[in-house]
Amino acid sequence: MTNGEVPHFDVIIVGAGPAGSAAALITARAGLKVLLIERGEYPGAKNVSGAVFYGSAILNDLIPNWWEQAPIERYVCRRELVMISPKTSVSLDFRSAAPGYVEPPFNGFTILRPKFDRWFAAQAEAAGAFLLTSTVVDDLLRDDSGRVIGVKVRRDQGEIRGDVVIACDGVNSWLARKAGLQRDLSTHALSLGVKEVIGLDEAVIRERFHLTGNEGMAVEYVGAVTENVHGGAFLYTNRESLSLGVLGQLSSLVEQKKRPYDLLETFKAHPAIAQLVRGGTLREYSAHLIPEAGWGMIPRLFSDGMLVAGDAAAFCLATGIYIEGINYAMQSGLAAGEAAIMACRRHDFSRRTLANYVGFLTQRHVLTDLHAFRHAPKFLNSERLQNLYPELAARSLEMLFRVDGRGKRKLVPLYWQTLRQTGVKPRHVLKDVYQIARAYLW
């Protein structure tokens with residue numbers, strides 16, 4: 001490239017997270033000239049460390065036996081859902097030795113994002129994509145008709161032209177906003193996650209969590225850990241560390257005047273958690289915005305010359321039962337890549353051609369899953385689920401298992417007695433049963 005020449009690529013992808021690297025990998029393999037831009041010093045440098053990646057088979061279709069070369073921590077064969085009151089916890093513990101969980105291709109892995117994202121972007125580079133790091137994208141380039149034809153970067157070169165731009169630049173996507181695609185983000189739609197990575201000896205982790213070899217577990221918590229803030233908490237086992245954190249709805253954090261870090265300290269001090277992190281050393285602390293409103297916050301996904309994928313498109317499934325984002329980011333990146341390949345082969349970069357992206361997203365179950373569980377986020381952040389029902393479950397079981405010489409209680413009378421003590425009216429319970437059925441059952 002000579003001095004003064006404006007570089008041109010078939011596809012420009014902004015953001016080298018799972019969505020961006022997946023898009024870069026599939027488009028580069030199709031023989032397109034691909035640029036992957038990352039604002040950090042390396043892919044993953046700006047990501048929150050510690051996560052669970054479900055859907056190993058998705059990546060296995062791209063890179064067979066990928067877990068043999070990728071920097072994974074543990075394979076997840078155990079999941080636990082825990083409801084917490086101030087002094088008690090009630091859990092639903094799932095553990096499987098089925099082939100899909102403890103044998104290839106596995107169901108999920110705990111990963112450290114800086115390591116994993118760097119490795120995944122390197123796969124796109126090996127396929128022929130050009131990776132440009134430490135580069136901030138300030139604006140979009142447009143032609144006279146308004147079609148996006150590239151990006152403006154904070155570098156000497158200034159402008160980079162591209163036939164298709166794929167925005168994978170995170171939940172608060174600057175590019176989607178510039179293109180007029182991003183909806184106004186409500187504080188009710190976003191959660192702030194604060195996370196710590198705590199170092200523990202590998203043998204201690206195995207003993208403390210009853211794991212063997214490279215087995216791992218993921219635990220989600222709801223209830224008193226968030227001190228009346230709508231949200232939840234989590235804990236994941238890595239090879240030699242634990243990733244744990246708290247999620248709080250932004251609007252609820254403001255209303256309750258709570259600091260996320262204080263919630264994290266409360267979580268760590270709970271009797272059910274303190275024994276799990278005992279003796280650990282803090283390695284990392286970080287925070288990250290998460291799009292948790294699901295279907296209701298998805299922006300417009302395409303325009304002339306541009307697509308939106310990953311967190312920038314709000315592709316995060318947060319339902320309490322399912323808390324997944326990386327696999328949807330990856331699937332959306334692949335779908336965006338497929339739409340870009342089609343547009344380049346047709347030499348048509350209009351929104352009509354790029355609208356095929358929606359069909360590819362549907363085929364990969366991204367949109368179908370988010371639509372199916374579109375009612376779940378509202379119920380998940382309801383006052384009774386967040387605060388009353390965990391307390392109700394804890395009190396009921398405390399009374400059920402207490403031996404005080406007063407005779408045994410049958411379940412239904414015990415339930416109604418506890419319900420009266422917590423102040424929940426039966427009509428509210430029936431309403432919530434309907435909400436549960438609508439959100440999770442049909």
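From a predicted model like this one, the values you see are computed outputs, not experimental measurements. Residue numbers count from 1 along this sequence.
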Name the atoms and distances for all side-chain donor-acceptor pairs under 3.5 Å in residues 246-256, with sequence neighbours left out.
from	atom 1	to	atom 2	distance (Å)
Q249	OE1	H230	ND1	3.3
Q249	OE1	S251	OG	3.4
Q249	NE2	H188	O	3.0
S251	OG	H188	ND1	2.9
S252	OG	H230	N	2.9

Side-chain atoms of residues 165-172: list all donor-acceptor pairs with protein atoms under 3.5 Å, sequence neighbours left out, distances to 0.1 Å.
from	atom 1	to	atom 2	distance (Å)
D169	OD1	S173	OG	2.6
D169	OD2	S173	OG	3.2
D169	OD2	W174	N	3.2
D169	OD2	L175	N	3.2
N172	OD1	R177	NH2	3.0

Could you pull out all donor-acceptor pairs under 3.5 Å where a side-chain atom in residues 315-329 meets a protein atom, sequence neighbours excluded?
from	atom 1	to	atom 2	distance (Å)
T319	OG1	I321	N	3.4
T319	OG1	Y322	N	2.9
T319	OG1	Y322	O	3.3
E324	OE1	N327	ND2	2.8
Y328	OH	D369	OD2	2.7

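- The salt bridge (Lys or Arg N to Asp or Glu O under 4.0 Å) check on R351 picks up D304, with sequence neighbours excluded.
- Here salt bridge (Lys or Arg N to Asp or Glu O under 4.0 Å) pairs that include residues 291-303, with residues two or more places apart or in two chains, number zero.
- Evaluation of the ring-ring contact (aromatic ring centres under 6.0 Å, His included) rule for F106 yields W67, Y75, F109 as partners, not counting sequence neighbours.
- Summarising the geometry, atom CG belonging to N356 is positioned 12.5 Å from atom CD1 belonging to I341; distances are rounded to the nearest 0.5 Å.
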Please report, to 0.1 Å, the donor-acceptor pairs under 3.5 Å made by any side chain of residues 34-43, with sequence neighbours excluded.
from	atom 1	to	atom 2	distance (Å)
E38	OE1	A16	N	3.0
E38	OE2	G40	N	2.9

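- Legend: residues meeting ring-ring contact (aromatic ring centres under 6.0 Å, His included) with Y434, ordered by chain and number and at least two apart, are absent.
- Partners of H371 according to the ring-ring contact (aromatic ring centres under 6.0 Å, His included) rule, which considers only residues two or more places apart in sequence or in another chain, are W295.
- Partners of F360 according to the ring-ring contact (aromatic ring centres under 6.0 Å, His included) rule, which considers only residues two or more places apart in sequence or in another chain, do not exist here.
- Evaluation of the salt bridge (Lys or Arg N to Asp or Glu O under 4.0 Å) rule for D432 yields R384 as partners, not counting sequence neighbours.
- No donor-acceptor pair under 3.5 Å is formed between the side chain of R154 and the backbone N or O of V136.
- Applying the side-chain hydrogen bond (donor to acceptor under 3.5 Å, both in side chains) test to every pair with at least one member in residues 93-103, sequence neighbours left out, gives these pairs: R78-D93, R95-E215.
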